[in-house]
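The structure displayed is predicted, hence computed values, not measured ones. The chains referred to below are lettered A, B, ... by the order of the sequence lines, with proteins before strands, and numbering in each begins at 1.
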There are 2 protein chains.
Amino acid sequence: MPALQNIKVAVDAVVFGYTSKEGLSVLLIKRNIDPYKNAWALPGGLVGDAESLEEAVQRELTEETGVNINYLEQLYSFGAPNRDPRNRVVSITYYGLVKPDAFELKADTDASDVAWFNIKNLPKLAFDHTQIINVARNRLKSKMLYQPVGFELLEEKFPFSELEKLYMAVLDRPIDRRNFKKKIMKFGFLEETTEKQMLDGAGRPGNLFRFNQAKYFQLQKDGIAFEI
Amino acid sequence: MPALQNIKVAVDAVVFGYTSKEGLSVLLIKRNIDPYKNAWALPGGLVGDAESLEEAVQRELTEETGVNINYLEQLYSFGAPNRDPRNRVVSITYYGLVKPDAFELKADTDASDVAWFNIKNLPKLAFDHTQIINVARNRLKSKMLYQPVGFELLEEKFPFSELEKLYMAVLDRPIDRRNFKKKIMKFGFLEETTEKQMLDGAGRPGNLFRFNQAKYFQLQKDGIAFEI
DNA sequence: ACAAAAGTGTTGTACATACACCCATGG
DNA sequence: CCATGGGTGTATGTACAACACTTTTGT
């Protein structure tokens, strides 16, 4: 048992957003100090002495990106002795989900640069952040198979194909439209509205759907079991 | 971003063992220093500056309990500002599985007291350790539904009913023997030997089974999906 | 008219569930 | 011979997988 300990505690967040145009994306900031100056990295930073870990993540996200988080869950803690070249830092990581309107921050913020990157087209990242994103992505993949995911990532009303494309983007494989719809609708947390999608191109416009929040959160607690 | 940070980093371990006599049990140590002097607590302690988190857990387990760990996985990180009354400590917790022979440590060790406690009969614990054990127990519950668990908790050869009782103890509900056997055997990671169980009471002796390690670890990687 | 996307139903197969009687041993 | 625990099979329902054509809109 060491008498003196010299380890810092940080939090980092992998924030996922989704739009059908941009696909599944991750929020990154550009570092303006060494080490890894000018490299892209996850938003995050040291935990204050008096704040909880969740408070620290929320604070860092507000300070560095301004996004509005709809869901936040602890992911994993990374503590390899040399993951930060300056001194030892243990990072407790979280992953979060945000709605599409968060994508508009791109233009707003510029203190240090902030941007969305498609998950399939990430830049080189600082520290072990590439690894952290991989862990987060796998977690999201498994999560969406036993709990509903969508309310936190889509607009209030959306065509059914949005949800389907979201699942395809996260799972990174094609899905049979008919089977998928049967499975999802059976849970009863999706309500069909009579409104129709606004069109932005050719194609038959689809009905808009909405989450029934009571049933949704009930299922999120109880868990659902399904294969896509 | 605070300039000076005064947070310590610790690791704690929830070690599960199982025998049909004692049921699902957790390894605890009796604290001999304040705070919570003489209270039971999870094995653990501060992380050394040069060791990884896993090394720290292994070291603490060896120092404090002497058990031989067969499986170790990170569980969750607890960081509420006041979880330790002295100063702030963020604890990165792990859960582990050990084979039944570890139960014999009871007599051996006495530096500070070490003992197994049945999961349904835990004493009052120091800090937030009761909560940590609950999280670990739920994690083990879900884990055993999508990955094989048993090799790490049972002896090399065991009657099939041992595995069945293990599942009942962890899931805390009855299981249909015939359906359970069908499901487990279909995965092919269990081999039936011709040896028979040594009897310690009445009843027909059962055949002994053994894990096929290659198939077992393959399934542990790939994941299995089944309902009990 | 054509291209693009939405909508919809049936069939086979595999798996989960429910359920009860006989067998081998120790006392 | 009785008590204890081990061993086994069938029938039913549900859920997943595979699969193609029609409808509505924009251009």
Side-chain angles (χ1 to χ4, degrees), chain A residues 19-21 23 144-146 148 150 154 157-169 171 173-210 219 222-228, chain B residues 19-21 23 144-146 148 154-155 157-169 171 173-210 219 222-228:
Chain A
T19 64
S20 52
K21 270 167 240 133
M144 81 186 327
L145 294 177
Y146 68 90
L154 299 176
K157 294 176 190 166
F158 52 90
F160 194 85
S161 58
E162 274 295 292
L163 187 63
E164 190 194 324
K165 284 180 216 153
L166 166 62
Y167 268 77
M168 291 196 283
L171 298 179
R173 59 180 165 89
I175 291 176
D176 182 277
R177 198 161 16 124
R178 292 165 289 184
N179 293 338
F180 180 71
K181 192 162 183 179
K182 267 182 280 178
K183 274 178 267 192
I184 294 292
M185 294 313 285
K186 188 140 47 76
F187 290 113
F189 60 74
L190 257 194
E191 289 168 352
E192 189 160 4
T193 73
T194 56
E195 297 169 68
K196 292 229 179 297
Q197 182 186 181
M198 300 286 186
L199 288 182
D200 51 354
R204 174 173 172 176
N207 284 339
L208 294 180
F209 289 72
R210 180 203 299 129
L219 283 168
D222 299 349
I224 59 187
F226 67 117
E227 307 290 317
I228 295 298
Chain B
T19 62
S20 52
K21 270 166 242 138
M144 82 186 326
L145 294 176
Y146 68 88
L154 299 177
E155 323 225 29
K157 294 175 189 167
F158 53 90
F160 194 85
S161 59
E162 274 296 292
L163 187 64
E164 191 194 326
K165 285 181 215 153
L166 166 62
Y167 267 78
M168 290 196 284
L171 298 178
R173 60 178 165 90
I175 291 177
D176 182 277
R177 202 165 7 129
R178 293 165 289 185
N179 293 338
F180 180 70
K181 192 162 182 180
K182 267 182 280 179
K183 274 178 265 194
I184 295 292
M185 295 311 287
K186 188 141 47 73
F187 291 115
F189 60 73
L190 257 194
E191 289 168 354
E192 191 160 3
T193 72
T194 56
E195 298 170 66
K196 293 228 177 299
Q197 183 185 181
M198 300 286 187
L199 287 183
D200 53 352
R204 174 174 172 177
N207 285 339
L208 294 180
F209 289 72
R210 180 203 299 130
L219 283 168
D222 298 350
I224 59 188
F226 67 119
E227 306 292 317
I228 295 298

### Task
Please tell me which of the listed nucleotides, D:dA3, D:dG7, D:dG26, lies nearest to the side chain of B:Lys181?
D:dG7
### Task
Take the protein atom CE of A:Met198 and the nucleotide atom P of C:dA5, then report the distance between them rounded to whole Å.
19 Å
### Summary
Winner on side-chain proximity to B:Ala202, out of C:dA3, C:dG26, C:dA24, is C:dG26
### Whole-Å distance separating the CE atom of B:Met185 from the C1' atom of D:dT8
13 Å
## Note on the structure
Rounded to whole Å, CG of B:Asp200 lies from P of C:dA24 at a distance of 20 Å
### Message
How close do B:Asn207 and B:Glu192 get, counting heavy atoms only, and between which atoms?
### Response
ND2-OE2, 2.9 Å
### Query
Does B:Asn179 make a side-chain donor-acceptor contact with the base of C:dA18, cut-off 3.5 Å?
yes
### Message
Between B:Ser161 and D:dG6, is there a contact of a side-chain N or O with OP1 or OP2 at under 4.0 Å?
### Response
yes
### Query
Does B:Lys183 place a side-chain N or O at less than 4.0 Å from the phosphate oxygens OP1/OP2 of C:dT17?
yes
### Query
How close or far is atom C1' of D:dA15 from atom CD1 of A:Ile184, stated in whole angstroms?
14 Å
### Query
Roughly, in whole Å, what's the span from CG in A:Asp176 to P in C:dT8?
14 Å
### Task
Report the residue (B:Lys186 or B:Arg177) whose heavy-atom-nearest nucleotide on DNA chain C is the more 5′ of the two.
B:Lys186
### Task
Could you pull out the closest heavy-atom pair between B:Asp176 and B:Arg178, with the gap in Å?
OD1-N, 3.1 Å
#### Entry: Whole-Å gap separating C1' (C:dC15) and CZ (B:Phe180)
16 Å
### Task
Among B:Glu164, B:Glu162, B:Lys165, find the one that has a side chain to side chain donor-acceptor pair (under 3.5 Å) with B:Ser20.
B:Glu162
### Message
Using heavy-atom distances to pick each residue's nearest nucleotide on DNA chain D, tell me which of B:Gly203 and A:Pro205 is more 5'.
### Response
B:Gly203
### Query
What is the nucleic acid contact for B:Asn207, judged by heavy atoms within less than 4.0 Å: base, sugar-phosphate only, or nothing?
sugar-phosphate
### Query
Going by modelled atom types, is there a donor-acceptor pair between the base of C:dA6 and the side chain of A:Arg178 at under 3.5 Å?
no
### Task
Rounded to the nearest angstrom, tell me the gap between atom CD1 in B:Ile175 and atom P in C:dA18.
13 Å
#### Entry: For atom CD of B:Glu195 and atom P of D:dG6, their distance in whole Å
17 Å
### Task
Check every strand shown and say whether A:Lys182 touches a base, only sugar-phosphate, or nothing at a heavy-atom separation below 4.0 Å.
base
